[in-house]
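Order of the sequence lines sets the chain letters (A, B, ...), proteins ahead of strands, with each chain counted from 1.
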Number of protein chains: 2
Amino acid sequence: MCMAKSIQKELNRENLLNQGVALFIEQGYHGTGLQEILDAVSVPKGSFYNYFGSKEDFGAEVIQHYIDPFIVRLSTHLSKADTDALNAIRRYFDELIVELENNQFKGGCLLGNLMGEIGSTNDVCQQSLQSAIRRYRDLLQSGLAKAQQQGTVRSDKSSEAMADLLINAWQGALLRMQIEKSSAPVKQCCQDLLEDYFKA
Amino acid sequence: MCMAKSIQKELNRENLLNQGVALFIEQGYHGTGLQEILDAVSVPKGSFYNYFGSKEDFGAEVIQHYIDPFIVRLSTHLSKADTDALNAIRRYFDELIVELENNQFKGGCLLGNLMGEIGSTNDVCQQSLQSAIRRYRDLLQSGLAKAQQQGTVRSDKSSEAMADLLINAWQGALLRMQIEKSSAPVKQCCQDLLEDYFKA
DNA sequence: ATTAATAATATGACCGGTCGTTTATTTATT
DNA sequence: AATAAATAAACGACCGGTCATATTATTAAT
């Protein structure tokens, strides 16, 4: 039984994190109660603290759990041999836009939403947000640097500055998308930067 | 006495809105209780609903109350006769950056924070955010159009698209500012767009 | 001008519900 | 039998919102 139990425990943890991602994105950190998360994955309330130290700690883990797949996906696109780096970045964002449309523009990006809601007040989550953003930004920057070497992206601007601008404009566009219930802002964002400003 | 009373009432309303702006910026919508706002301006709990229909309605008014001064300020800069429109926009954002630094990067922009937190879930506030953003965007767009006529900003891109990009990148940079506790992101944002991408 | 009756407003106590967290007890493992 | 893990119940605090009462303003009658 001990084997099956510890597998179940890991499964519960994973379910809690997944549900935390989904609910925090749509309803925010303070707008989502632990009860709601626990109910959704059928874990008793008293058990929560067997998995996580506090809601704060849980939030910090949810943030990392959220960004991981994005890093994997962008990384995968960049390491594909059949296209250049700029095209990989283009395709990555195009994929995201399709998913946002399928989601009917609800929620946007967990990092952006939480940076605004608790970025200034919750130290634990702030640290987690900082590291998540940095990991993501560094990867995007390396992709842009590769594109510079390939000659598809201008080289008179640093890849760091362009990565930051792309991330920031993308985040802002996601916010606009939520209140305008349209993918126009995110599409325009990619168009302006990837098809014009960054072009060599 | 009737005169003094109604003046006091307007004053209370104004104080509540001001305090709402301050607390919603720093702690978010769900992170701020009505009690906290009421205590700060010494208005009894029961009186809140003499001023506003609900927390939702209050939030929607806070949003408009927040953006108004920004519109006035940008408008003032743009109508100054001593400089061109691009310079007016530059100076406007430079002023904002100074204030953000004085605030030690806490809070950022109420519109950005609330779009992420409740933009998808609270219809009343979503409407208010939509109109606030539009008012602000239209003004910025008219400023950029003026700069195009003056020949300081490129004309092969529409002023609408540039206004959106500037607002979105600025919002994203404000989010980054909050977690990195630095004005570097917002400075870089203005530098990249106003001093390079938008240049004629 | 003063008073009495009426309407409007202001407010503190309180509502049911939910928050994140703790703890005493039960259940399972060694 | 001893130890560890899981959990239901309960904790105090706070949430947004309501309501009976108290206070104040307005009107009408004297």
Side-chain angles (χ1 to χ4, degrees), chain A residues 1-17 19-21 23-24 26-63 114 117-118 121-126 128, chain B residues 1-17 19-21 23-24 26-63 114 117-118 121-126 128:
Chain A
M1 261 303 183
C2 82
M3 213 37 181
K5 271 288 166 191
S6 73
I7 284 174
Q8 180 60 43
K9 174 156 180 172
E10 265 316 302
L11 198 74
N12 279 341
R13 247 188 88 93
E14 180 89 359
N15 286 340
L16 286 169
L17 288 171
Q19 201 60 43
V21 165
L23 291 175
F24 282 163
E26 245 200 81
Q27 312 181 345
Y29 179 82
H30 290 301
T32 304
L34 294 181
Q35 191 68 255
E36 200 176 351
I37 299 171
L38 290 158
D39 287 349
V41 298
S42 296
V43 168
K45 183 148 190 193
S47 299
F48 177 80
Y49 293 91
N50 297 339
Y51 298 100
F52 305 98
S54 66
K55 191 187 183 183
E56 246 189 349
D57 292 346
F58 175 65
E61 285 208 45
V62 165
I63 288 162
L114 291 192
E117 185 185 354
I118 55 172
T121 53
N122 188 318
D123 285 342
V124 176
C125 292
Q126 183 184 83
S128 184
Chain B
M1 261 300 185
C2 81
M3 219 22 190
K5 272 287 165 190
S6 72
I7 286 174
Q8 179 61 42
K9 173 155 181 173
E10 267 314 304
L11 197 74
N12 278 342
R13 247 188 87 92
E14 180 91 0
N15 286 339
L16 285 169
L17 288 172
Q19 201 62 43
V21 165
L23 291 175
F24 282 163
E26 246 201 81
Q27 311 181 347
Y29 179 82
H30 286 120
T32 305
L34 295 179
Q35 192 66 248
E36 198 176 353
I37 299 170
L38 290 158
D39 287 350
V41 299
S42 296
V43 167
K45 178 86 182 270
S47 297
F48 177 81
Y49 294 89
N50 299 338
Y51 298 101
F52 305 98
S54 65
K55 190 188 184 184
E56 247 190 348
D57 292 346
F58 176 65
E61 286 209 45
V62 166
I63 288 162
L114 291 193
E117 185 186 354
I118 55 173
T121 52
N122 187 317
D123 285 342
V124 177
C125 291
Q126 183 183 83
S128 186

For nucleotides 6-8 of chain C, which of its nitrogen or oxygen atoms have a protein nitrogen or oxygen under 3.5 Å away, and what is each distance?
none

*With side-chain contact (heavy atoms from CB on, under 4.5 Å) as the test, would you mind laying out the steps for B:Tyr49 and B:Leu34 before giving the verdict?*
CA-CA 11 Å; B:Tyr49 294 89; B:Leu34 295 179; 3.7 Å; yes
Starting from [atom2] on [N], measure out to [atom1] on [X] and report it in whole angstrom.
X: B:Tyr29; N: D:dC15; atom1: OH; atom2: P; value: 13 Å
X: B:Phe58; N: D:dG17; atom1: CZ; atom2: P; value: 12 Å
X: A:Leu16; N: C:dG20; atom1: CG; atom2: P; value: 14 Å
X: B:Lys45; N: D:dT21; atom1: NZ; atom2: P; value: 20 Å
X: A:Asp57; N: C:dT21; atom1: CG; atom2: C1'; value: 13 Å
X: A:Phe48; N: D:dA5; atom1: CZ; atom2: P; value: 18 Å
X: A:Leu34; N: D:dA13; atom1: CG; atom2: P; value: 19 Å
X: B:Tyr49; N: C:dC15; atom1: OH; atom2: P; value: 17 Å

_Classify the ring geometry of B:Phe58 against B:Phe48: parallel below 30°, tilted from 30° to 60°, perpendicular beyond 60°._
perpendicular
Examine [N]: is either OP1 or OP2 under 4.0 Å from a nitrogen or oxygen in the side chain of [X]? Give yes or no.
X: A:Ser47; N: D:dA6; answer: no
X: A:Lys9; N: D:dA6; answer: yes
X: B:Asn50; N: C:dT9; answer: no

_From CA spacing to verdict: side-chain contact (heavy atoms from CB on, under 4.5 Å), B:Phe52, B:Val62_ = CA-CA 11 Å; B:Phe52 305 98; B:Val62 166; over 6 Å; no
*asked:* In the structure I gave you, are the side-chain heavy atoms of A:Asp39 and A:Gln35 within less than 4.5 Å of one another anywhere?
replied: yes
*Under 3.5 Å, side chain of B:Glu117 to main-chain N/O of B:Tyr29, donor-acceptor pair present?*
yes
*So, does A:Ser128 use its side chain to make a donor-acceptor pair with the main chain of A:Ile63 at under 3.5 Å?*
no
*Name all residues meeting the side-chain contact (heavy atoms from CB on, under 4.5 Å) criterion together with A:Asn50; count only those two or more places apart in sequence or in a different chain, and write none if there are none.*
A:Ser47
*With a 3.5 Å cut-off and just heavy-atom distances, do the side chain of B:Lys55 and the base of D:dG17 make a donor-acceptor pair?*
no
